[in-house]
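One structure is given here, and the rest of the page talks about it.
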Amino acid sequence: MAIIGQLILAYLAVLGFGLIINIPHQALNVAGWIGTITWGAYLIVQAFDGGVVLGSLIGSIGIGVLSSIAARDKKMPAIIFNIPSLVSFVPGSQAYQMVRNFALGQYRQAVSFMLQVIMITGAIALGFLLAELLNRLIAFGRLQWRRHQIKQS
Amino acid sequence: MTTDELIIATCLKAGKIMVENGSEISRVDDTMMRIAQNAGVISANTYVTITGVMMSIQGRNATQIAAITQRTIDLEKVAQVNQLSREFAAQKIDLPTLQRRLNSLDQASRSFPLWLQLVGAALVSGPLMIMFRQETINTWPTVVIGTLGFLVYYLLNRYLKIKFLSELAAALFIGFGAEWALQIGWGTNVNDIIIGSLMPLVPGVPLTNAVRDTLAGNFISGPARGVEALLSAAALGFGIAVVITLA
């Protein structure tokens with residue numbers, strides 16, 4: 001039950017961020033679904049004690065690949081799908097704790113939270129890079145498949 | 001205007017709209033080159049940064065520059081330019097029509113009205129607070145303060161046009177609002193309310209584009225956007241830090 005609740009919340013949050021940055025209304029639903037699916041993947045990683053960093057990496061790979069597929073399908077730029085879907089992966093809680101501990105002078109905790117923020121952000125960036133690699137592979141595979149089809153006919 | 005000049009002017013207009021509204025650089029480059037190629041120019045050079053767009057045609061006497069002084073986030077316009085470029089490639093519209101449509105697109109206002117954006121802010125702040133903190137007691141204070149915080153940011157940004165100052169003011173408002181909610185017994189945890197309420201203001205577009213631009217090899221725009229995102233984050237963090245120190 002809690003998991004279904006989380007997935008609904010993820011959908012709503014992505015929809016909300018889509019409204020703020022004004023993505024085309026035809027794209028809102030698809031972006032919401034990408035956010036929901038990738039948040040589900042994140043929750044699965046959490047269920048196996050994979051940690052926040054690995055979860056964010058898997059999530060951002062999913063976002064990169066699914067956005068590219070949605071972009072090709074809907075004929076819209078990929079950023080329209082991947083920026084809103086990413087909103088649930090932003091390390092907002094850790095970033096806030098970092099600022100709070102710095103302001104209160106508790107530098108040891110502050111640095112620990114800062115490292116978490118850097119690691120999560122790095123994982124998301126690496127995830128995008130890996131997703132780009134997968135996208136190129138998918139495009140290459142499609143091209144080869146089409147060539148194969150043409151040769152046979 | 002000669003044909004060369006018209007081609008360059010149209011490409012620059014498309015590039016300018018895309019950069020102004022938050023597209024990544026490699027897509028701008030790609031779209032401008034496509035428009036040029038479909039207009040019959042094979043050897044065009046484009047140079048796109050987040051503060052200006054330049055274009056020339058190799059071996060001809062035509063070069064133009066478009067300066068970009070202000071940037072907002074409106075991905076609908078990016079998608080529209082993309083759509084127009086596709087229509088031009090499919091030869092559904094000709095070059096003067098493309099330029100006219102781009103000009104009217106530039107003048108057009110956002111498709112989502114303010115109240116819908118406020119609904120968006122409410123949807124971002126409440127659900128994300130529950131997802132991050134796994135509790136529901138503070139949902140309503142978070143939704144209300146998050147929405148009002150976004151409204152403060154929106155109004156200040158519209159009339160003052162200084163993004164970082166608006167973010168700072170919104171962060172101060174959110175911080176004091178959360179403290180106030182705690183004092184009248186509406187919320188139970190200041191941290192959770194602040195975390196949720198700040199989420200609509202997170203610089204998601206500059207951050208994502210910074211990563212994408214840097215990975216694509218645009219070493220001028222990528223780090224510049226990183227600085228933009230960092231300044232936004234610093235403005236938000238500083239506003240919150242002031243509240244925490246005072247409270």
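Naming: A, B, ... by sequence-line order, numbering from 1 per chain. Since the structure is predicted, the reported quantities are computational estimates derived from the model, not experimental observations.
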- Identify which part of Ala27(A) has an atom lying under 4.5 Å from any heavy atom of chain B, answering side chain, backbone, both or neither. neither

- Task: Tell me, for Gln80(B) versus chain A, whether the close heavy atoms (under 4.5 Å) come from the side chain, the backbone, both or neither.
- Result: neither

- Message: Atom CD of residue position Gln149(A) - does it have more than 12 heavy atoms of other residues, nucleotides or ligands inside 6.0 Å?
- Response: yes

- Heavy-atom nearest pair, Arg27(B) first then Ala78(A), reads NH2-N, 3.9 Å

- Query: With only heavy atoms counted, which part of Phe238(B) is less than 4.5 Å from chain A, the side chain, the backbone, both or neither?
  - Reply: neither

- Message: Quick check on the interface: out of Ile124(A), Leu129(A), Asn22(A), Val87(A), who has the most heavy-atom pairs with chain B under 4.5 Å?
- Response: Asn22(A)

- Task: Output the distance between atom CG (Leu126(A)) and atom CG (Leu215(B)), rounded to the nearest 0.5 Å.
- Result: 9.0 Å

- Task: Locate the shortest heavy-atom distance separating Pro77(A) from Ala79(B); write the atom from each residue and the value.
- Result: CD-CA, 4.0 Å

- Query: How far does CZ of Arg86(B) sit from CE of Met76(A), to the nearest 0.5 angstrom?
  - Reply: 10.0 Å

- Task: First locate atom CD1 of Ile130(B), then atom CD1 of Ile8(A), and finally report the distance between them rounded to the nearest 0.5 Å.
- Result: 11.0 Å

- Over all atoms of both residues, closest heavy-atom pair of Phe17(A) and Val202(B): CZ-O, 3.9 Å

- So with a 6.0 Å cut-off around CZ of Arg133(B), is the heavy-atom count from everything else above 12? yes

- If you count heavy-atom pairs under 4.5 Å with chain B, which of Ile20(A), Leu12(A), Val90(A) comes out on top? Ile20(A)

- Query: If every non-hydrogen atom of Gly22(B) is compared with every non-hydrogen atom of Ile79(A), which pair is closest and at what distance?
  - Reply: O-CD1, 3.6 Å

- Who wins among Thr72(B), Ile73(B), Ile195(B), Leu118(B) for the most heavy-atom pairs under 4.5 Å with chain A? Ile195(B)

- CG (Leu207(B)) and OG1 (Thr121(A)) are apart, to the nearest 0.5 Å, by 7.0 Å

- Item | Heavy-atom neighbours of Met119(A) CE exceed 12 at 6.0 Å | no

- Query: Where does Ile194(B) contact chain A at under 4.5 Å (heavy atoms): side chain, backbone, both or neither?
  - Reply: side chain

- What do you reckon, is CZ of Arg72(A) surrounded by more than 12 foreign heavy atoms closer than 6.0 Å? yes

- Closest contact, heavy atoms only, Asn82(A) versus Arg212(B): ND2-NH1, 2.8 Å

- Message: For Ile23(A), run the side chain to side chain contact (heavy atoms under 4.5 Å, CB included) check against Leu75(B), Asp74(B), Val78(B) and tell me which one passes.
- Response: Leu75(B)

- Kindly give the heavy-atom pair with the smallest separation between Arg100(A) and Asn191(B), and that separation in Å. NE-OD1, 3.3 Å

- Message: As an exercise, state the distance from OG of Ser93(A) to CE of Met131(B), rounded to the nearest 0.5 Å.
- Response: 12.0 Å

- Examine whether an atom of Asp192(B) lies under 4.5 Å from a heavy atom of chain A, and if so say whether it belongs to the side chain, the backbone or both; otherwise answer neither. neither

- Message: Heavy-atom cut-off 4.5 Å, strictly under: side chain, backbone, both or neither for Leu28(A) against chain B?
- Response: side chain

- Task: Can you measure from CG (Asn82(B)) to NZ (Lys75(A)) and round to the nearest 0.5 angstrom?
- Result: 11.0 Å

- Item | Heavy atoms from other residues, nucleotides or ligands near CD of Gln144(A) exceed 12 (cutoff 6.0 Å) | yes

- Item | side-chain contact (heavy atoms from CB on, under 4.5 Å) between Tyr11(A) and Leu123(B), worked out | CA-CA 9 Å; Tyr11(A) 183 86; Leu123(B) 284 178; over 6 Å; no

- Under a 4.5 Å heavy-atom cut-off, does chain A meet the side chain of Leu116(B), its backbone, both or neither? both

- Which bit of Leu86(A) is near chain B, if near means a heavy-atom gap under 4.5 Å: side chain, backbone, both or neither? side chain

- Task: Identify which part of Phe112(B) has an atom lying under 4.5 Å from any heavy atom of chain A, answering side chain, backbone, both or neither.
- Result: both

- Query: Does CG belonging to Leu104(A) count more than 12 external heavy atoms closer than 6.0 Å?
  - Reply: yes

